[in-house]
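As structure tokens, the structure follows; a few thoughts come after it.
Only a predicted model underlies this, so the values are computations on that prediction, with no experimental measurement involved.
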Amino acid sequence: MKITFYGQNTLAISIGETNIIVDPFITGNELAKDKVDIMTLKADYILLTHAHQDHILDAEAIAKNTNAVIVSNYEIAMHYQAKGIEVHPMNHGGNWDFDFGNVKYVNAIHSSSFPDGSYGGQPGGFVIEGEHKNIYIAGDTALTMDMKLIPLRTKLDLAILPIGDNFTMGIDDAITASDFVECDKVLGVHYDTFGYIEIDHKVAKQKFFDADKDLMLLDIGESIEL
Ligand code: NI
Ligand code: MN
């Protein structure tokens, strides 16, 4: 499994021959827009955690360019189906076996309106079990006790957690989240994009280190292999 970071919560994940894009927000991200051309991104599936602008902005363009299937909660799926895009609707607690592996849509504590204010269902995250590697993409969320449910079902190899604070968990709560999901290897996301969520990288990494955990912060376009 290869995971590439494109800023905010945008990820490209390749599992075998399958390409997955998560929460594409590139053309509106000052940190990413000059570094990534969305028309070059490959996608068989686009996973959307919730309907906020900084998670869906480029979903329609990438889906139409690639014929990718949008996987999200029921309300977001219907929103894109009405635009002629192929979708796979899910809801909280549900699993589905896709050709690349199993996906579960899990709880998040946040909100989920579309940019025009219309209802975007309840926000979530994803647990992906694929190619003998398991990852948790928390999406935008507070620290929540529901995270303790994840390791009851899945032994994680990587937790992808928001760390920017203000709109989501900050660093200290992300360390506790890493305990709750029983995974010490964390990829930090949802930081530095706007003034409200700027973080000190050194302090963040030191705090995780002091808790015997590993926090990875990737440059735009940088990848890791699991
Ligand atoms: Ni959000
Ligand atoms: Mn967000």
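There is a path of hydrophobic side-chain contacts, each under 4.5 Å, that joins M216 to L226. F25 and Y196 end up in the same hydrophobic cluster when Ile, Leu, Val, Met, Phe, Trp and Tyr side chains are linked at under 4.5 Å. Tracing side-chain contacts under 4.5 Å through hydrophobic residues (I, L, V, M, F, W, Y), one reaches F180 starting from L187; they form part of the same cluster. In the hydrophobic clustering of ILVMFWY residues, with side-chain heavy atoms under 4.5 Å counting as a link, I163 and F194 come out apart. No single ILVMFWY cluster, assembled from side-chain heavy atoms under 4.5 Å apart, contains both V203 and I171.
Residues A77 and V87 approach most closely at O-CG1, 3.3 Å, considering heavy atoms. Minimum interatomic distance between G16 and E131 (heavy atoms only, all atoms of both residues): N-OE2, 3.0 Å. The two atoms that bring D192 and E198 nearest to each other are OD1-CA, 3.4 Å, heavy atoms only. In terms of heavy atoms, G130 sits closest to M1 at O-CE, 3.5 Å. Of all heavy-atom pairs spanning A159 and C183, the tightest one is N-SG, 3.6 Å.
K205 contributes atom NZ, which lies 5.0 Å from atom CG of L217 (distance to the nearest 0.5 angstrom). Atom-to-atom distance recorded for N102:CG and R153:CZ is 12.0 Å, nearest 0.5 angstrom. Taken to the nearest 0.5 Å, the CG atom of L215 stands 8.0 Å off from the CD1 atom of I175. Here L11 contributes atom CG and Y6 contributes atom OH; the two are 10.0 Å apart, rounded to the nearest 0.5 Å. Between the CG atom in L158 and the CD1 atom in I137 there is a gap of 9.0 Å [rounded to 0.5 Å]. Atom OH of residue Y45 and atom CD1 of residue I21 lie 14.0 Å apart, to the nearest 0.5 angstrom.
Shown are D44, V69, I13, V71; of these, the side-chain contact (heavy atoms from CB on, under 4.5 Å) with I20 is made only by I13. When each of Y74, W96, Y105, F126 is paired with H88, the ring pair (Phe, Tyr, Trp, His ring centres under 6.0 Å) condition holds for W96 and for no other. Among the candidates I38, I70, L57, the single residue satisfying the side-chain contact (heavy atoms from CB on, under 4.5 Å) test with I62 is I38. Each of I46, I56, L41 was evaluated against P24; a single residue qualifies, I46, per the side-chain contact (heavy atoms from CB on, under 4.5 Å) test.
No donor-acceptor distance shorter than 3.5 angstrom exists from the side chain of T154 to the backbone of L156, with no hydrogens or angles considered. The backbone N or O of A174 sits nowhere less than 3.5 Å from a side-chain atom of S178 that would complete a donor-acceptor pair. In terms of modelled atom types and a separation under 3.5 Å, the side chain of N107 and the main chain of M147 share no donor-acceptor contact. Put simply, the side chain of N65 gets close to the backbone of M39: a donor and an acceptor are under 3.5 Å apart. A distance-only check finds a donor-acceptor pair linking the side chain of E222 to the backbone of D219 [under 3.5 Å]. At distances below 3.5 Å, not a single donor-acceptor pair connects side-chain atoms of Y136 with backbone N or O atoms of I160. At distances below 3.5 Å, at least one donor-acceptor pair connects side-chain atoms of D157 with backbone N or O atoms of N134. Of the possible polar contacts, one joining the S112 side chain to the A51 backbone as a donor-acceptor pair under 3.5 Å is found. Under a 3.5 Å cut-off, the side chain of D23 and the backbone N or O of T49 do form a donor-acceptor pair. In this structure, T4 contributes its side chain and S223 its backbone to no donor-acceptor pair below 3.5 Å.
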### Task
Kindly determine whether L161 and V189 satisfy side-chain contact (heavy atoms from CB on, under 4.5 Å), including the steps that lead there.
CA-CA 6 Å; L161 304 177; V189 294; 5.9 Å; no
### Message
Could you go through H201 and Y191, starting from their C-alpha distance and side-chain angles, then the distance that decides it, and tell me whether this counts as side-chain contact (heavy atoms from CB on, under 4.5 Å)?
### Response
CA-CA 10 Å; H201 294 206; Y191 61 92; 3.7 Å; yes
### Query
Please walk me through it: do E75 and S118 pass side-chain contact (heavy atoms from CB on, under 4.5 Å)?
CA-CA 10 Å; E75 290 78 7; S118 61; over 6 Å; no
### Message
I128 vs I15, test: side-chain contact (heavy atoms from CB on, under 4.5 Å). Steps then yes/no.
### Response
CA-CA 10 Å; I128 302 175; I15 302 175; 3.9 Å; yes
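When ring centroids are compared, F100 and F98 come within the 6.0 Å threshold.
In the displayed structure, F209 atom CZ is contacted under 6.0 Å by at most 12 heavy atoms of other residues, nucleotides or ligands. Within 6.0 Å of CZ in F114 there are more than 12 heavy atoms belonging to other residues, nucleotides or ligands.
Residues passing the side chain to side chain donor-acceptor pair (under 3.5 Å) test with D200: none are found, sequence neighbours excluded.
The closest side-chain heavy-atom distance from H52 to P115 is not below 4.5 Å. Annotation: side chain of I85 is in contact with side chain of E60 (closest heavy-atom distance under 4.5 Å). Side-chain contact between V127 and I135 is absent, with no heavy-atom pair separated by less than 4.5 Å. With a 4.5 Å cut-off on side-chain heavy atoms, S72 and M90 do not count as touching. When side chains are defined from C-beta on, T66 does not count as touching K42, because their heavy atoms never get closer than 4.5 Å.
Between H190 and F167, the two ring planes are perpendicular [angle over 60°; tilted spans 30° to 60°]. Using a 30° and 60° split on the angle between ring planes, H110 and H50 fall in the perpendicular class, above 60°.
Neither side chain, N91 nor N73, offers a donor N or O lying under 3.5 Å from an acceptor on the other. Checked by atom type, the side-chain pair D140/H55 shows a donor-acceptor distance below 3.5 Å. Checking Q8 against N29 by side-chain atom types alone, no donor-acceptor pair falls below 3.5 Å.
Applying the salt bridge (Lys or Arg N to Asp or Glu O under 4.0 Å) test to every pair with at least one member in residues 177-186, sequence neighbours left out, gives these pairs: D179-K213, D184-K213. Sequence neighbours left out, the pairs with a member in residues 163-177 that pass side-chain hydrogen bond (donor to acceptor under 3.5 Å, both in side chains) are D172-K207.
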